[in-house]
There are 2 protein chains.
Amino acid sequence: MVGPFGGSVAATLLRAALEYQERLGDPLSVTVNFTGPIGSGRFDITARLVRGGKSTQHWYLELVKEGEVCANATAVFVTERQTWESTEIQAPQAPPFDEVPRFPKVPGAQEWLNRYAFGFIRGGLRALPQYENTRHDTSETLLWVRDEPPRPLDHLSLLALSDVFLPRLFVRLQQINALVGTVSLTTYFHAGQSELDAQGDRELLGRASATRFRAGFFDQTAELWSVDKTLLATSVQMVYFRE
Amino acid sequence: MVGPFGGSVAATLLRAALEYQERLGDPLSVTVNFTGPIGSGRFDITARLVRGGKSTQHWYLELVKEGEVCANATAVFVTERQTWESTEIQAPQAPPFDEVPRFPKVPGAQEWLNRYAFGFIRGGLRALPQYENTRHDTSETLLWVRDEPPRPLDHLSLLALSDVFLPRLFVRLQQINALVGTVSLTTYFHAGQSELDAQGDRELLGRASATRFRAGFFDQTAELWSVDKTLLATSVQMVYFRE
């Protein structure tokens, strides 16, 4: 995987908007484009309120390093209104987190992987720790995940969590040496603060899949469910790959 | 539905980037945020190449009217590379376009609806022309759609087509009088020019669904397949609603 964890870049951009006093309500959707390599070292974020109303705000953000834009984002914030409510998709069936083996610490892996506790139910990497180069029929993954150490869920950590799913190419081909990098990530928040508070620091149930791999890119869709089976967020990203 | 057809706004923004001489390759993903009412009359589009490399470009676009940003967009362009290829999702089964009744012309409906030929296979509006106020269990729609009059498919018309699905709220509740408006739309292109050329001006198979309706917003996911069952585009949008 190229560069720092995309979820932390996304959360850092969103946080910049959240810290403005004129920011209104909670995030509804965030799109982050990874425009260039970030690496380590100092960066600046510029945030601009593109358009704001009484109940909706649109922000545009850029992460700039050494004069180059390394990521940009659009973010929509809204105030909550009580309306008719319905969840159409079903939460996946899953054994409890405590009954699922933890994903082992991988020597040499990127540090962000150690900042989450993962429990793969299906679609993990048989590659680790004993690597078997066997292709799967599908790239679908179902897993439990939570921050490590545990911390109460907020919109920032939920955004980062929407990017914790391994690249679908790794799962489908059981090939972890391919070069991959997210190009564009969009996350939709389906939960307000009260639902995040109800989840607290417990584990989330996540499902990820892909629709098409082609011409050096694939997409990756994710769902994040609370432990009580409330849909908290959905996300889609387009990922560059080179086998 | 509030304002002009979002698909035409999105395509107009994308076209602005496409017309720049320095633009490289084909669109991979486009996010459009509908930041304010557009209405009719003159507008300007500003386009900025945020970051460009040898094989990828990131653009930022704004549609400005009377000094206000009414829509903005980020767009990623890439050059094609031959790689491993696979489509993981199945194309829906559907009777041929010619055997599906055309959606009737609706008096008083927005003109853009007349610019497409629709054939609903399931999840249409029983509301029209004979309105029945019966709620569906799901908002899923499967339909055939093509430009009317027919025209060869390109990335612009494919982007517009990704927004032709009626608001899922209308289908789920069979309630066409709700106030709805897309807030943010992201479309992923899974096809290159050769696959668009192979499709030509024939009908596309489209499927749309929702995951969650809540607090005045719902999401809407769409797939667009060629008549030969190649996945051409996927799309997600977040939509404002007031019952």
Side-chain angles (χ1 to χ4, degrees), chain A residues 28-29 31 33-36 50-51 53 55-56 58 60 62 68-70 72-74 76 78-89 137-140 168-169 172-173 183-184 186 188 190-192 209-219 221 223 231 234 236 238 240-243, chain B residues 28-29 31 33-36 50-51 53 55-56 58 60 62 68-70 72-74 76 78-89 137-140 168-169 172-173 183-184 186 188 190-192 209-219 221 223 231 234 236 238 240-243:
Chain A
L28 177 72
S29 73
T31 295
N33 300 290
F34 299 87
T35 59
V50 173
R51 183 91 182 239
S55 59
T56 307
H58 289 269
Y60 176 67
E62 289 187 344
E68 295 260 47
V69 179
C70 300
N72 70 356
T74 61
V76 185
V78 296
T79 53
E80 296 226 338
R81 287 179 298 120
Q82 289 300 313
T83 60
W84 177 73
E85 179 171 340
S86 172
T87 300
E88 287 208 359
I89 58 170
D137 290 340
T138 164
S139 70
E140 196 195 8
R168 295 302 87 196
L169 189 79
R172 175 71 186 279
L173 302 186
V183 176
S184 185
T186 296
Y188 301 95
H190 296 283
S209 59
T211 70
R212 193 173 186 196
F213 302 80
R214 182 192 161 273
F217 296 90
F218 63 90
D219 64 327
T221 296
E223 299 161 12
L231 183 64
T234 51
V236 190
M238 191 60 96
Y240 167 95
F241 76 95
R242 206 162 68 200
E243 292 156 283
Chain B
L28 177 72
S29 74
T31 295
N33 300 290
F34 298 87
T35 59
V50 172
R51 185 92 182 239
S55 59
T56 307
H58 289 269
Y60 177 67
E62 289 188 345
E68 295 261 45
V69 179
C70 300
N72 70 356
T74 60
V76 185
V78 296
T79 52
E80 296 226 336
R81 287 178 298 120
Q82 289 301 312
T83 60
W84 177 72
E85 180 172 337
S86 173
T87 300
E88 287 209 0
I89 58 170
D137 290 339
T138 164
S139 69
E140 196 196 9
R168 296 300 88 195
L169 189 80
R172 174 71 185 278
L173 301 187
V183 176
S184 185
T186 296
Y188 301 95
H190 297 281
S209 59
T211 70
R212 193 172 187 196
F213 302 80
R214 182 191 161 271
F217 295 90
F218 62 91
D219 64 329
T221 296
E223 299 161 13
L231 184 64
T234 51
V236 190
M238 191 60 98
Y240 167 96
F241 76 94
R242 206 163 69 202
E243 290 155 286

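Residue numbers begin at 1 in each chain, while the letters A, B, ... track the order of the sequences.
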Exercise. Taking R172(A) for the side chain and S86(B) for the main chain, is one N or O donor matched with an acceptor at less than 3.5 Å?
Worked result: no
Exercise. Do S209(B) and E88(A) have side-chain atoms, one donor and one acceptor, less than 3.5 Å apart?
Worked result: no
For this session: Assess whether side chain to side chain contact (heavy atoms under 4.5 Å, CB included) is satisfied between Y188(A) and M238(B), documenting all intermediate values.
Result: CA-CA 8 Å; Y188(A) 301 95; M238(B) 191 60 98; 3.6 Å; yes
Problem set entry | Mutual orientation of the aromatic rings belonging to W84(B) and F241(A) [parallel < 30°, tilted 30-60°, perpendicular > 60°] | perpendicular
Problem set entry | Which residues share a side-chain hydrogen bond (donor to acceptor under 3.5 Å, both in side chains) with D219(B), sequence neighbours left out | T211(B)
Problem set entry | T35(B) portion near chain A, given a 4.5 angstrom heavy-atom threshold | both
Problem set entry | Least distance between heavy atoms, N33(A) atom then H58(B) atom | CB-ND1, 3.7 Å
Seminar exercise, completed: Those residues at least two apart in sequence (or on a different chain) that pass salt bridge (charged side-chain N to carboxylate O under 4.0 Å, His left out) with R51(A) are E68(B)
Problem set entry | Proximity breakdown for E223(B) and chain A, heavy-atom pairs closer than 4.5 Å | neither
Problem set entry | Choice from T56(B), V76(B), L28(B), V183(B) maximising heavy atom contacts with chain A below 4.5 Å | L28(B)
Exercise. Checking side chain to side chain donor-acceptor pair (under 3.5 Å) against R214(A), which of H190(B), E80(B), E85(B) comes through?
Worked result: E80(B)
Exercise. When you look at R242(A) and T83(B), which way does the side chain to side chain contact (heavy atoms under 4.5 Å, CB included) test go after all the steps?
Worked result: CA-CA 8 Å; R242(A) 206 162 68 200; T83(B) 60; over 6 Å; no
Exercise. Is there side-chain contact between V236(A) and T186(B), with heavy atoms separated by less than 4.5 Å?
Worked result: no
For this session: Scan T234(A), T87(A), I89(A) and name whichever one has a side chain to side chain contact (heavy atoms under 4.5 Å, CB included) with R212(B).
Result: T87(A)
Exercise. Side chain, backbone, both or neither: which part of V69(B) has an atom under 4.5 Å from a heavy atom of chain A?
Worked result: both
Exercise. With no hydrogens and no angle check, is any side-chain donor or acceptor of R81(A) less than 3.5 Å from a backbone partner on A215(B)?
Worked result: no
